[in-house]
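Heads up, the thing below is written out as C-alpha coordinates.
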Amino acid sequence: MTTTPAFLHGRPPFGQPLNAAGTFTPVGVSRASPAVAEATAWALQRFLVIDEWQDLASRELAAFSGAAAGTVVHCAAAGLTLSVAAAMAGTDPQRIAQLPDSEGLRRVVVVPAPHLIDYGHPLATDIRLAGGTVRACGRPERCTGDDLLPALAAPEVGCLLLVSSRLTRDPAFDFAAAAEAARAAGVPVVIDGAAQDLRVRELVALQPAAVVLSAQKYLAAPTAGLVVGEAGFIEAVRAQQKGIGRAMKPSKEALVGVLAALHERRALDLGAWWREQEAKVRQAVDALGGLAGVQALRVPDPLGAPVPRVRLRFAGGAEAARRAAQALRRQDPPVWVMEHGVAEGVLTLELIALRADEVDALTGALRRGLA
Ligand SMILES: *Cc1c(COP(=O)(O)O)cnc(C)c1O
(Lines give C-alpha, C1' and ligand atoms only; values in the text may rest on other atoms or scores of the structure.)
Protein backbone atom coordinates (compact mmCIF):
# COMPACT_ATOMS: atom_id res chain seq x y z
CA MET A 1 0.00 0.00 0.00
CA THR A 2 1.47 3.35 -1.01
CA THR A 3 1.39 6.40 1.25
CA THR A 4 -1.21 9.15 0.86
CA PRO A 5 -0.12 11.75 -1.75
CA ALA A 6 1.70 14.65 -0.05
CA PHE A 7 -0.60 17.33 -1.53
CA LEU A 8 -3.45 15.89 0.56
CA HIS A 9 -1.41 16.59 3.71
CA GLY A 10 -2.04 13.03 4.84
CA ARG A 11 -5.81 13.44 4.82
CA PRO A 12 -7.90 12.11 1.90
CA PRO A 13 -10.89 14.42 1.47
CA PHE A 14 -13.41 11.63 0.86
CA GLY A 15 -14.13 8.20 2.28
CA GLN A 16 -12.79 5.32 0.18
CA PRO A 17 -15.70 3.03 -0.68
CA LEU A 18 -15.88 -0.62 0.20
CA ASN A 19 -16.60 -1.79 -3.34
CA ALA A 20 -18.90 -4.78 -3.78
CA ALA A 21 -20.24 -3.33 -7.05
CA GLY A 22 -17.70 -5.15 -9.22
CA THR A 23 -15.46 -3.50 -11.83
CA PHE A 24 -17.54 -0.35 -11.61
CA THR A 25 -16.20 2.77 -13.34
CA PRO A 26 -17.77 5.39 -10.97
CA VAL A 27 -15.76 3.98 -8.01
CA GLY A 28 -12.42 3.53 -9.75
CA VAL A 29 -12.96 0.07 -11.33
CA SER A 30 -10.19 -1.98 -9.65
CA ARG A 31 -7.12 -1.81 -7.43
CA ALA A 32 -3.75 -2.50 -9.04
CA SER A 33 -1.15 -4.71 -7.35
CA PRO A 34 2.07 -3.12 -6.02
CA ALA A 35 3.99 -4.58 -9.01
CA VAL A 36 1.60 -2.98 -11.51
CA ALA A 37 1.71 0.34 -9.63
CA GLU A 38 5.53 0.21 -9.64
CA ALA A 39 5.71 -0.54 -13.36
CA THR A 40 3.36 2.38 -13.99
CA ALA A 41 5.48 4.74 -11.89
CA TRP A 42 8.62 3.49 -13.68
CA ALA A 43 7.13 4.39 -17.06
CA LEU A 44 6.00 7.82 -15.89
CA GLN A 45 9.61 8.73 -15.10
CA ARG A 46 11.05 7.80 -18.52
CA PHE A 47 10.97 8.43 -22.25
CA LEU A 48 9.90 5.38 -24.19
CA VAL A 49 9.59 4.61 -27.91
CA ILE A 50 5.86 3.90 -27.98
CA ASP A 51 5.92 1.78 -31.15
CA GLU A 52 8.50 -0.59 -29.60
CA TRP A 53 6.28 -1.04 -26.54
CA GLN A 54 3.18 -1.53 -28.71
CA ASP A 55 5.07 -4.27 -30.62
CA LEU A 56 5.94 -5.96 -27.32
CA ALA A 57 2.32 -5.54 -26.13
CA SER A 58 1.12 -7.16 -29.36
CA ARG A 59 3.23 -10.26 -28.70
CA GLU A 60 2.18 -10.44 -25.04
CA LEU A 61 -1.51 -9.93 -25.87
CA ALA A 62 -1.28 -12.67 -28.49
CA ALA A 63 0.17 -15.08 -25.91
CA PHE A 64 -2.50 -14.03 -23.38
CA SER A 65 -5.52 -14.30 -25.68
CA GLY A 66 -4.68 -16.85 -28.35
CA ALA A 67 -5.21 -14.20 -31.05
CA ALA A 68 -2.57 -13.38 -33.69
CA ALA A 69 -1.91 -9.81 -32.49
CA GLY A 70 -3.06 -7.09 -30.13
CA THR A 71 -2.79 -3.41 -29.36
CA VAL A 72 -3.37 -1.10 -26.40
CA VAL A 73 -5.67 1.93 -26.72
CA HIS A 74 -7.11 4.41 -24.24
CA CYS A 75 -10.01 2.27 -22.95
CA ALA A 76 -12.45 -0.34 -24.20
CA ALA A 77 -14.88 2.31 -25.44
CA ALA A 78 -12.01 3.72 -27.53
CA GLY A 79 -11.22 0.17 -28.70
CA LEU A 80 -14.78 -0.20 -30.01
CA THR A 81 -14.68 3.15 -31.82
CA LEU A 82 -11.26 2.37 -33.32
CA SER A 83 -12.36 -1.12 -34.39
CA VAL A 84 -15.32 0.39 -36.24
CA ALA A 85 -12.93 2.93 -37.80
CA ALA A 86 -10.53 0.11 -38.78
CA ALA A 87 -13.38 -1.81 -40.44
CA MET A 88 -14.33 1.30 -42.47
CA ALA A 89 -10.91 2.78 -43.30
CA GLY A 90 -8.44 -0.11 -43.02
CA THR A 91 -4.87 1.22 -43.31
CA ASP A 92 -5.67 3.67 -46.13
CA PRO A 93 -4.19 7.07 -45.07
CA GLN A 94 -6.83 9.08 -46.95
CA ARG A 95 -9.75 7.21 -45.45
CA ILE A 96 -8.16 7.39 -42.00
CA ALA A 97 -7.79 11.17 -42.34
CA GLN A 98 -11.38 11.46 -43.59
CA LEU A 99 -12.98 9.94 -40.47
CA PRO A 100 -15.30 10.57 -38.68
CA ASP A 101 -16.76 11.74 -42.00
CA SER A 102 -17.71 8.31 -43.37
CA GLU A 103 -19.12 9.44 -46.73
CA GLY A 104 -18.52 6.74 -49.35
CA LEU A 105 -17.29 4.13 -46.83
CA ARG A 106 -19.02 0.94 -45.68
CA ARG A 107 -20.31 2.69 -42.61
CA VAL A 108 -23.17 0.51 -41.37
CA VAL A 109 -22.49 -1.43 -38.18
CA VAL A 110 -24.91 -4.29 -37.63
CA VAL A 111 -25.71 -4.91 -33.94
CA PRO A 112 -28.21 -7.41 -32.48
CA ALA A 113 -30.82 -5.19 -30.77
CA PRO A 114 -30.40 -6.98 -27.39
CA HIS A 115 -26.69 -6.05 -27.54
CA LEU A 116 -27.34 -2.30 -27.77
CA ILE A 117 -26.58 -1.87 -24.09
CA ASP A 118 -25.92 1.17 -21.95
CA TYR A 119 -22.85 0.47 -19.81
CA GLY A 120 -22.66 4.06 -18.53
CA HIS A 121 -23.29 5.54 -21.95
CA PRO A 122 -24.96 3.96 -24.98
CA LEU A 123 -22.81 1.48 -26.93
CA ALA A 124 -24.25 3.13 -30.08
CA THR A 125 -22.24 6.26 -29.20
CA ASP A 126 -18.97 4.30 -29.62
CA ILE A 127 -20.05 3.45 -33.17
CA ARG A 128 -21.26 6.95 -34.06
CA LEU A 129 -18.00 8.51 -32.79
CA ALA A 130 -16.15 6.79 -35.65
CA GLY A 131 -18.76 7.91 -38.20
CA GLY A 132 -20.55 4.56 -38.19
CA THR A 133 -24.30 4.12 -38.50
CA VAL A 134 -26.04 1.63 -36.22
CA ARG A 135 -28.37 -0.96 -37.74
CA ALA A 136 -30.19 -2.80 -34.93
CA CYS A 137 -31.28 -6.35 -35.74
CA GLY A 138 -34.21 -8.23 -34.26
CA ARG A 139 -36.30 -7.23 -31.26
CA PRO A 140 -34.92 -5.60 -28.07
CA GLU A 141 -35.02 -8.94 -26.23
CA ARG A 142 -34.36 -11.41 -29.08
CA CYS A 143 -32.20 -11.54 -32.22
CA THR A 144 -31.97 -14.69 -34.35
CA GLY A 145 -30.01 -15.77 -37.42
CA ASP A 146 -33.07 -14.93 -39.54
CA ASP A 147 -32.77 -11.34 -38.31
CA LEU A 148 -29.01 -11.12 -38.94
CA LEU A 149 -28.64 -12.76 -42.36
CA PRO A 150 -30.41 -10.15 -44.52
CA ALA A 151 -28.74 -7.30 -42.61
CA LEU A 152 -25.25 -8.76 -43.17
CA ALA A 153 -25.88 -9.06 -46.92
CA ALA A 154 -26.34 -5.29 -47.43
CA PRO A 155 -23.42 -3.75 -49.42
CA GLU A 156 -22.94 -0.78 -47.05
CA VAL A 157 -22.17 -3.01 -44.02
CA GLY A 158 -18.72 -2.43 -42.49
CA CYS A 159 -18.83 -4.84 -39.55
CA LEU A 160 -20.94 -6.87 -37.14
CA LEU A 161 -20.60 -5.78 -33.49
CA LEU A 162 -21.47 -8.34 -30.81
CA VAL A 163 -21.43 -7.78 -27.05
CA SER A 164 -20.49 -10.40 -24.47
CA SER A 165 -21.72 -8.88 -21.21
CA ARG A 166 -24.16 -9.73 -18.44
CA LEU A 167 -25.94 -6.49 -19.48
CA THR A 168 -27.22 -7.89 -22.81
CA ARG A 169 -30.83 -9.07 -22.97
CA ASP A 170 -30.84 -12.23 -25.09
CA PRO A 171 -29.28 -15.10 -23.12
CA ALA A 172 -30.07 -17.52 -25.99
CA PHE A 173 -28.10 -15.50 -28.59
CA ASP A 174 -25.84 -17.84 -30.60
CA PHE A 175 -22.42 -16.16 -30.92
CA ALA A 176 -20.87 -18.99 -32.94
CA ALA A 177 -23.68 -18.98 -35.51
CA ALA A 178 -23.58 -15.17 -35.81
CA ALA A 179 -19.78 -15.18 -36.29
CA GLU A 180 -20.12 -17.94 -38.89
CA ALA A 181 -22.83 -16.03 -40.79
CA ALA A 182 -20.71 -12.87 -40.83
CA ARG A 183 -17.68 -14.80 -42.09
CA ALA A 184 -19.78 -16.28 -44.89
CA ALA A 185 -20.91 -12.75 -45.82
CA GLY A 186 -17.33 -11.41 -45.71
CA VAL A 187 -18.18 -9.04 -42.83
CA PRO A 188 -15.60 -8.57 -40.04
CA VAL A 189 -16.84 -9.32 -36.50
CA VAL A 190 -15.90 -7.18 -33.50
CA ILE A 191 -16.77 -8.47 -30.03
CA ASP A 192 -17.12 -6.17 -27.03
CA GLY A 193 -15.85 -8.40 -24.24
CA ALA A 194 -14.82 -5.50 -22.00
CA ALA A 195 -15.26 -7.34 -18.69
CA GLN A 196 -14.56 -10.81 -20.12
CA ASP A 197 -10.76 -11.04 -19.92
CA LEU A 198 -11.17 -14.28 -17.91
CA ARG A 199 -13.05 -15.73 -20.92
CA VAL A 200 -10.97 -14.12 -23.67
CA ARG A 201 -9.81 -17.41 -25.24
CA GLU A 202 -13.42 -18.54 -25.57
CA LEU A 203 -14.24 -15.30 -27.48
CA VAL A 204 -11.10 -15.46 -29.65
CA ALA A 205 -12.04 -19.06 -30.56
CA LEU A 206 -15.06 -17.59 -32.41
CA GLN A 207 -12.43 -16.20 -34.86
CA PRO A 208 -13.62 -12.59 -34.90
CA ALA A 209 -11.56 -9.79 -36.47
CA ALA A 210 -11.19 -8.34 -32.96
CA VAL A 211 -12.15 -8.74 -29.31
CA VAL A 212 -12.10 -5.58 -27.18
CA LEU A 213 -11.27 -5.76 -23.44
CA SER A 214 -10.90 -3.31 -20.56
CA ALA A 215 -7.47 -3.64 -18.94
CA GLN A 216 -8.64 -1.92 -15.74
CA LYS A 217 -11.38 -4.42 -14.95
CA TYR A 218 -10.38 -7.92 -13.72
CA LEU A 219 -6.81 -7.52 -15.01
CA ALA A 220 -6.48 -4.55 -12.60
CA ALA A 221 -4.11 -2.66 -14.91
CA PRO A 222 -4.18 1.13 -15.39
CA THR A 223 -7.13 2.27 -17.53
CA ALA A 224 -6.61 0.95 -21.07
CA GLY A 225 -8.43 -0.86 -23.85
CA LEU A 226 -6.98 -4.06 -25.28
CA VAL A 227 -7.85 -4.99 -28.85
CA VAL A 228 -6.81 -8.52 -29.82
CA GLY A 229 -7.48 -10.27 -33.11
CA GLU A 230 -6.35 -10.83 -36.69
CA ALA A 231 -2.95 -9.34 -37.52
CA GLY A 232 -4.25 -7.26 -40.45
CA PHE A 233 -7.19 -5.90 -38.46
CA ILE A 234 -4.97 -4.97 -35.49
CA GLU A 235 -2.62 -3.18 -37.90
CA ALA A 236 -5.64 -1.19 -39.13
CA VAL A 237 -6.62 -0.34 -35.53
CA ARG A 238 -3.07 0.91 -34.87
CA ALA A 239 -3.11 2.91 -38.12
CA GLN A 240 -6.05 4.99 -36.83
CA GLN A 241 -3.58 6.89 -34.59
CA LYS A 242 -3.02 9.18 -37.61
CA GLY A 243 -6.74 9.99 -37.52
CA ILE A 244 -9.39 9.85 -34.80
CA GLY A 245 -7.17 7.51 -32.76
CA ARG A 246 -5.04 10.43 -31.60
CA ALA A 247 -7.78 11.25 -29.10
CA MET A 248 -7.88 7.63 -27.94
CA LYS A 249 -4.21 6.76 -27.49
CA PRO A 250 -2.93 4.86 -24.47
CA SER A 251 -0.67 6.67 -22.05
CA LYS A 252 2.87 5.27 -21.82
CA GLU A 253 2.23 4.39 -18.17
CA ALA A 254 -0.90 2.44 -19.10
CA LEU A 255 1.02 0.56 -21.80
CA VAL A 256 3.72 -0.53 -19.35
CA GLY A 257 1.18 -1.14 -16.56
CA VAL A 258 -0.79 -3.45 -18.88
CA LEU A 259 2.37 -5.49 -19.58
CA ALA A 260 2.98 -5.84 -15.83
CA ALA A 261 -0.63 -6.95 -15.28
CA LEU A 262 -0.39 -9.51 -18.11
CA HIS A 263 2.81 -10.84 -16.53
CA GLU A 264 0.98 -11.29 -13.19
CA ARG A 265 -2.00 -12.95 -14.87
CA ARG A 266 0.30 -15.46 -16.50
CA ALA A 267 1.73 -16.43 -13.10
CA LEU A 268 -1.73 -16.67 -11.51
CA ASP A 269 -2.93 -20.13 -10.41
CA LEU A 270 -6.50 -19.78 -11.73
CA GLY A 271 -7.72 -22.86 -9.86
CA ALA A 272 -6.52 -21.55 -6.50
CA TRP A 273 -7.83 -18.09 -7.36
CA TRP A 274 -11.29 -19.46 -8.13
CA ARG A 275 -11.36 -21.44 -4.85
CA GLU A 276 -10.51 -18.20 -3.03
CA GLN A 277 -13.43 -16.42 -4.71
CA GLU A 278 -15.82 -19.25 -3.76
CA ALA A 279 -14.57 -19.14 -0.16
CA LYS A 280 -15.31 -15.40 0.09
CA VAL A 281 -18.80 -15.91 -1.32
CA ARG A 282 -19.42 -18.69 1.26
CA GLN A 283 -18.05 -16.44 4.00
CA ALA A 284 -20.49 -13.66 3.04
CA VAL A 285 -23.51 -15.95 2.60
CA ASP A 286 -22.83 -17.54 6.02
CA ALA A 287 -22.36 -14.15 7.71
CA LEU A 288 -25.59 -12.79 6.21
CA GLY A 289 -27.74 -15.85 7.01
CA GLY A 290 -30.59 -15.16 9.40
CA LEU A 291 -30.94 -11.45 8.57
CA ALA A 292 -34.62 -10.50 8.86
CA GLY A 293 -36.30 -9.81 5.51
CA VAL A 294 -33.22 -10.63 3.40
CA GLN A 295 -32.19 -13.88 1.78
CA ALA A 296 -28.51 -14.26 0.79
CA LEU A 297 -27.69 -16.74 -1.97
CA ARG A 298 -24.64 -17.62 -4.12
CA VAL A 299 -25.31 -17.01 -7.83
CA PRO A 300 -23.04 -18.00 -10.74
CA ASP A 301 -22.00 -15.53 -13.44
CA PRO A 302 -24.63 -15.57 -16.22
CA LEU A 303 -21.93 -15.89 -18.93
CA GLY A 304 -19.99 -18.62 -17.16
CA ALA A 305 -17.06 -16.42 -16.07
CA PRO A 306 -15.40 -17.60 -12.82
CA VAL A 307 -17.10 -14.77 -10.95
CA PRO A 308 -19.59 -16.05 -8.36
CA ARG A 309 -21.66 -13.38 -6.63
CA VAL A 310 -24.00 -13.02 -3.63
CA ARG A 311 -27.62 -12.17 -4.33
CA LEU A 312 -29.58 -10.40 -1.60
CA ARG A 313 -33.30 -10.80 -2.11
CA PHE A 314 -35.49 -8.44 -0.08
CA ALA A 315 -38.86 -9.66 1.18
CA GLY A 316 -39.95 -5.99 1.04
CA GLY A 317 -39.32 -5.86 -2.75
CA ALA A 318 -38.03 -2.90 -4.77
CA GLU A 319 -38.65 -0.29 -2.09
CA ALA A 320 -36.75 -2.28 0.58
CA ALA A 321 -33.83 -2.92 -1.80
CA ARG A 322 -33.63 0.75 -2.76
CA ARG A 323 -33.70 1.87 0.90
CA ALA A 324 -30.99 -0.68 1.75
CA ALA A 325 -28.72 0.55 -1.08
CA GLN A 326 -29.12 4.13 0.19
CA ALA A 327 -28.40 3.10 3.79
CA LEU A 328 -25.25 1.26 2.66
CA ARG A 329 -23.90 4.36 0.90
CA ARG A 330 -24.27 6.25 4.20
CA GLN A 331 -22.09 3.76 6.11
CA ASP A 332 -18.50 4.63 7.05
CA PRO A 333 -16.78 3.58 4.81
CA PRO A 334 -19.55 3.91 2.21
CA VAL A 335 -20.58 0.53 0.78
CA TRP A 336 -21.30 0.21 -2.98
CA VAL A 337 -23.20 -2.80 -4.26
CA MET A 338 -24.62 -3.80 -7.68
CA GLU A 339 -28.04 -2.18 -8.03
CA HIS A 340 -29.18 -3.43 -11.47
CA GLY A 341 -31.77 -5.74 -9.82
CA VAL A 342 -33.31 -3.14 -7.51
CA ALA A 343 -36.64 -3.12 -9.39
CA GLU A 344 -36.98 -6.85 -8.60
CA GLY A 345 -36.03 -6.35 -4.94
CA VAL A 346 -32.47 -7.61 -5.45
CA LEU A 347 -29.03 -6.25 -4.60
CA THR A 348 -25.91 -8.14 -5.72
CA LEU A 349 -22.46 -8.32 -4.15
CA GLU A 350 -19.27 -8.97 -6.10
CA LEU A 351 -16.34 -9.87 -3.85
CA ILE A 352 -13.49 -10.48 -6.34
CA ALA A 353 -11.66 -7.25 -5.50
CA LEU A 354 -12.06 -7.59 -1.71
CA ARG A 355 -9.75 -9.33 0.78
CA ALA A 356 -11.28 -11.74 3.33
CA ASP A 357 -10.99 -9.08 6.09
CA GLU A 358 -12.82 -6.62 3.84
CA VAL A 359 -15.58 -9.19 3.26
CA ASP A 360 -15.94 -9.25 7.08
CA ALA A 361 -16.11 -5.43 7.14
CA LEU A 362 -18.66 -5.58 4.31
CA THR A 363 -20.97 -8.07 6.02
CA GLY A 364 -20.67 -6.07 9.26
CA ALA A 365 -21.67 -2.89 7.41
CA LEU A 366 -24.53 -4.77 5.72
CA ARG A 367 -25.84 -6.03 9.07
CA ARG A 368 -25.74 -2.47 10.46
CA GLY A 369 -27.12 -0.91 7.28
CA LEU A 370 -29.97 -3.40 6.99
CA ALA A 371 -30.87 -3.42 10.68
C1 LIG B 1 -16.84 -1.53 -19.09
C2 LIG B 1 -17.45 -1.79 -20.39
C3 LIG B 1 -17.14 -1.01 -21.50
C4 LIG B 1 -16.28 0.22 -21.43
O5 LIG B 1 -14.99 -0.02 -20.97
P6 LIG B 1 -14.02 1.21 -20.71
O7 LIG B 1 -12.68 0.57 -20.63
O8 LIG B 1 -14.46 1.85 -19.44
O9 LIG B 1 -14.14 2.14 -21.86
C10 LIG B 1 -17.69 -1.36 -22.73
N11 LIG B 1 -18.50 -2.43 -22.85
C12 LIG B 1 -18.82 -3.20 -21.80
C13 LIG B 1 -19.71 -4.38 -22.01
C14 LIG B 1 -18.30 -2.91 -20.53
O15 LIG B 1 -18.62 -3.69 -19.49
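Numbering of ligands and ligand atoms starts at 1, following listing order.
Residue contacts with ligand 1 for V29 are absent, since no atom lies close enough (heavy atoms, distance under 4.0 Å). Under 4.0 Å from ligand 1, heavy atoms of A76 appear from its side chain as well as its backbone.
Between I117 and ligand 1 there is a heavy-atom distance shorter than 4.0 Å.
In this structure, the protein non-hydrogen atom closest to atom 4 (C) of ligand 1 is Y119 CE1, 3.3 Å. Among protein heavy atoms, the minimum distance from atom 13 (C) of ligand 1 is reached at D192 OD2, 3.4 Å. Closest to atom 7 (O) of ligand 1, if we only count protein heavy atoms, is S214 OG, 2.7 Å. Closest protein heavy atom to atom 1 (C) of ligand 1: K217 NZ, 1.4 Å. Looking only at protein heavy atoms, the nearest one to atom 9 (O) of ligand 1 is A77 N, 2.8 Å. When hydrogens are left out, the protein atom nearest atom 8 (O) of ligand 1 is Q216 NE2, 3.4 Å; that is the closest non-hydrogen contact.
Under the 4.0 Å criterion applied to side-chain N and carboxylate O atoms, D332 and R368 are not assigned as salt-bridge partners. Between R142 and D147 there is no salt bridge, since no side-chain N of the basic residue sits under 4.0 Å from a carboxylate O of the acidic one. With salt bridges taken as basic N to acidic carboxylate O contacts below 4.0 Å, one links E358 and R31.
Considering only heavy atoms from C-beta on, L297 stays 4.5 Å or farther from V285 through its side chain. Using a 4.5 Å heavy-atom cutoff, the side chains of W53 and V258 are not in contact.
Atoms of ligand 1 found under 4.0 Å from any heavy atom of S165 (numbered from 1 in listed order, with element): 13 (C).
Residues passing the side chain to side chain contact (heavy atoms under 4.5 Å, CB included) test with A210 are S83, V227, F233, sequence neighbours excluded.
Counted by atom type alone, E253 and T40 present zero donor-acceptor pairs between their side chains at under 3.5 Å.
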